[in-house]
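Every chain is numbered from 1, with letters handed out A, B, ... down the list of sequences. Please read these numbers as outputs of a predicted model, since none were measured by experiment.
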Number of protein chains: 2
Amino acid sequence: MEIDMKIAMETDAPRQNLAINAYRTLKHDIIRGRYVPKEKLLMSLLKERYGVSTGPLREALSQLVADRLVVAISQRGYRVAPMSLAELNDIHDARAQLEGLILRLAIERGDDDWEASVVATAHRLAKVTDISSPDELLDGWDFRHKAFHTAIASGCNSPHLLQMRNTLFDQVERYRHLWLQETVMSSTALEQKRQEHAALVEVILARDAEQAAILMRDHLMTPVPIITRVLEARGIS
Amino acid sequence: MEIDMKIAMETDAPRQNLAINAYRTLKHDIIRGRYVPKEKLLMSLLKERYGVSTGPLREALSQLVADRLVVAISQRGYRVAPMSLAELNDIHDARAQLEGLILRLAIERGDDDWEASVVATAHRLAKVTDISSPDELLDGWDFRHKAFHTAIASGCNSPHLLQMRNTLFDQVERYRHLWLQETVMSSTALEQKRQEHAALVEVILARDAEQAAILMRDHLMTPVPIITRVLEARGIS
DNA sequence: CTGTGCCAAATTGTTAAAATTTATTGATAA
DNA sequence: TTATCAATAAATTTTAACAATTTGGCACAG
């Protein structure tokens with residue numbers, strides 16, 4: 001079983017200006033927890049670490065502020081955005097609602113190609129149960145899981161809604177990573193997820209928008225209690 | 001009748017760093033059509049015009065790229081984002097859908113204070129019919145109209161959904177300005193709007209989420225045909 | 001324990017100049 | 001005339017050095 005892990009970075013081009021490069025790597029590092037929430041982001045350190053000078057670096061940081069992954073305090077530089085239970089809940093609520101809306105539209109607007117891509121990505125995801133190294137399994141599962149959900153959403157046919165979905169997704173990712181880091185994905189949990197996905201595909205193919213939106217919202221909200229425990233264990237309220 | 005036109009810019013602080021200042025004024029100028037779509041944004045010109053040097057200016061521009069009001073072409077600088085019928089339709093569709101969702105949530109979650117603010121801002125908006133200079137009337141109406149819709153949306157109680165609403169709003173504004181520029185707001189059009197608002201308030205107070213979402217979506221989509229004509233008259237497809 | 005004043009460190013912004021890349025012009029050849 | 005192409009001009013992108021402010025910490029006095 002070959003796992004399809006391409007680079008698949010943010011969008012497209014590898015050789016753009018330095019600001020975009022710095023933005024991508026910094027964002028990646030923040031989402032993956034290389035920096036602790038509220039950690040100060042020293043200009044001098046970042047300049048050295050990412051090999052860029054003040055100009056492009058500030059560009060990258062100001063974009064991360066727009067993404068809400070970094071906060072700027074006037075005259076006091078940048079910090080990694082704090083994490084909180086309130087934000088955890090709001091982000092997941094907003095995302096569940098938005099994803100529910102998008103799914104509703106996709107069911108209303110999606111054509112045969114869309115259905116085909118949903119079925120295809122669902123099938124590819126279901127096949128990841130086979131035994132392999134835990135890391136490979138997790139990486140492979142996560143990649144195909146994301147592809148599955150992206151395929152579903154793309155049916156809404158609205159670039160702007162999909163863009164908002166991406167923005168929210170990055171923020172969810174930071175919390176999600178906290179979960180993946182601490183929780184080993186058990187085979188029972190995996191089985192539960194597979195059932196949820198199967199049910200989702202079923203109602204989607206039946207074009208039952210109401211039920212699909214409900215299933216999707218529940219599916220997206222399930223990780224919240226676990227992440228809550230992890231946050232509390234780290235003394236974050 | 002005193003019109004309440006405060007500065008009320010983007011968020012909060014007036015005296016921040018130069019990048020934010022440049023960002024605000026540039027955004028304002030683009031939305032108000034000071035620059036034509038696809039117009040080249042010369043660094044040298046902008047530096048002189050806004051009185052900032054390369055650093056802060058690039059920061060501002062890269063944020064406008066994130067807002068999709070400016071596009072960056074690698075090694076070839078920045079341009080004002082193009083406008084098209086496709087984008088007009090997608091932006092309005094996305095906004096109508098999102099606003100419908102937000103309204104649904106607001107009706108579900110909004111408390112008495114929310115209802116009160118909806119009624120208050122609706123009342124303030126309805127009072128702008130009195131005769132005054134056309135400019136004053138338009139500015140005052142627009143300001144109160146925005147306040148009315150913001151009050152409605154705020155009931156959803158989700159900072160992240162409201163933030164996405166703001167982002168979309170800025171993009172709608174650019175198209176909307178095209179409309180305000182060319183169309184004189186007739187008293188019959190104003191009367192129609194007032195009826196739509198009254199109907200909206202009524203179903204909101206009745207907590208009829210389904211009907212409210214439909215009314216809201218229609219209300220937001222009505223300007224599209226007019227803007228389409230303006231765009232076509234300008235040779236934009 | 002609580003301010004006060006000084007000093008080091010960091011942010012923020014400007015300027016000048018280097019390194020690339022793109023655009024233009026004008027001469028030459030088909 | 002039209003196309004090609006090299007030389008030149010212009011603009012972007014980045015760096016580096018420096019000035020101006022601001023913040024944070026710390027010794028010291030009350």
Side-chain angles (χ1 to χ4, degrees), chain A residues 9-27 29-30 34-82, chain B residues 9-27 29-30 34-82:
Chain A
M9 281 306 276
E10 204 59 356
T11 41
D12 36 23
R15 56 174 67 131
Q16 286 237 320
N17 53 13
L18 296 193
I20 294 184
N21 265 32
Y23 166 73
R24 294 217 180 110
T25 35
L26 231 176
K27 178 163 151 182
D29 288 349
I30 291 173
R34 174 167 185 176
Y35 303 96
V36 163
K38 294 175 70 170
E39 178 174 345
K40 180 131 220 296
L41 293 171
L42 250 322
M43 280 310 206
S44 44
L45 173 74
L46 298 183
K47 270 162 61 174
E48 199 206 329
R49 180 172 290 174
Y50 298 100
V52 293
S53 61
T54 332
L57 187 55
R58 287 187 66 90
E59 266 182 72
L61 284 167
S62 65
Q63 286 195 242
L64 287 165
V65 170
D67 290 341
R68 313 245 169 214
L69 289 170
V70 164
V71 292
I73 307 154
S74 187
Q75 235 71 19
R76 251 178 288 179
Y78 295 91
R79 289 180 167 276
V80 176
Chain B
M9 281 304 275
E10 204 58 355
T11 41
D12 35 22
R15 57 172 69 128
Q16 288 237 319
N17 53 16
L18 295 193
I20 294 183
N21 265 33
Y23 166 75
R24 295 217 179 109
T25 37
L26 232 175
K27 179 163 150 182
D29 287 349
I30 290 173
R34 174 167 185 178
Y35 302 96
V36 164
K38 295 175 69 174
E39 178 173 347
K40 181 136 220 302
L41 294 170
L42 252 321
M43 283 306 210
S44 44
L45 173 74
L46 299 183
K47 272 162 60 175
E48 198 207 329
R49 180 171 292 174
Y50 297 101
V52 292
S53 61
T54 333
L57 185 55
R58 289 187 64 90
E59 265 182 73
L61 284 167
S62 63
Q63 288 195 241
L64 287 166
V65 171
D67 290 341
R68 311 236 169 223
L69 289 171
V70 164
V71 293
I73 306 154
S74 186
Q75 237 66 18
R76 254 177 287 181
Y78 296 91
R79 288 180 168 278
V80 176

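Under the side chain to side chain donor-acceptor pair (under 3.5 Å) criterion, the residue pairs touching residues 37-49 of chain B are B:Y35-B:R49, with sequence neighbours excluded.
Minimum heavy-atom separation, A:V80 to A:P37: CG1-CA, 3.9 Å. Pairing each heavy atom of A:L41 with each of A:R79, the nearest pair is CD1-C, 4.1 Å. Nearest heavy atoms, A:Y78 versus A:A72: CE2-CB, 3.6 Å.
If you take NZ of B:K47 and P of C:dG13, they are 15 Å apart, rounded to a whole angstrom.
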Given protein heavy atoms under 4.0 Å, the one-letter contact record of nucleotides 8-23 of chain D, with B base, S sugar-phosphate only and - none, is simply ---SSSBB------SS
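At least one side-chain heavy atom of A:R58 sits under 4.5 Å from a side-chain heavy atom of B:N17.
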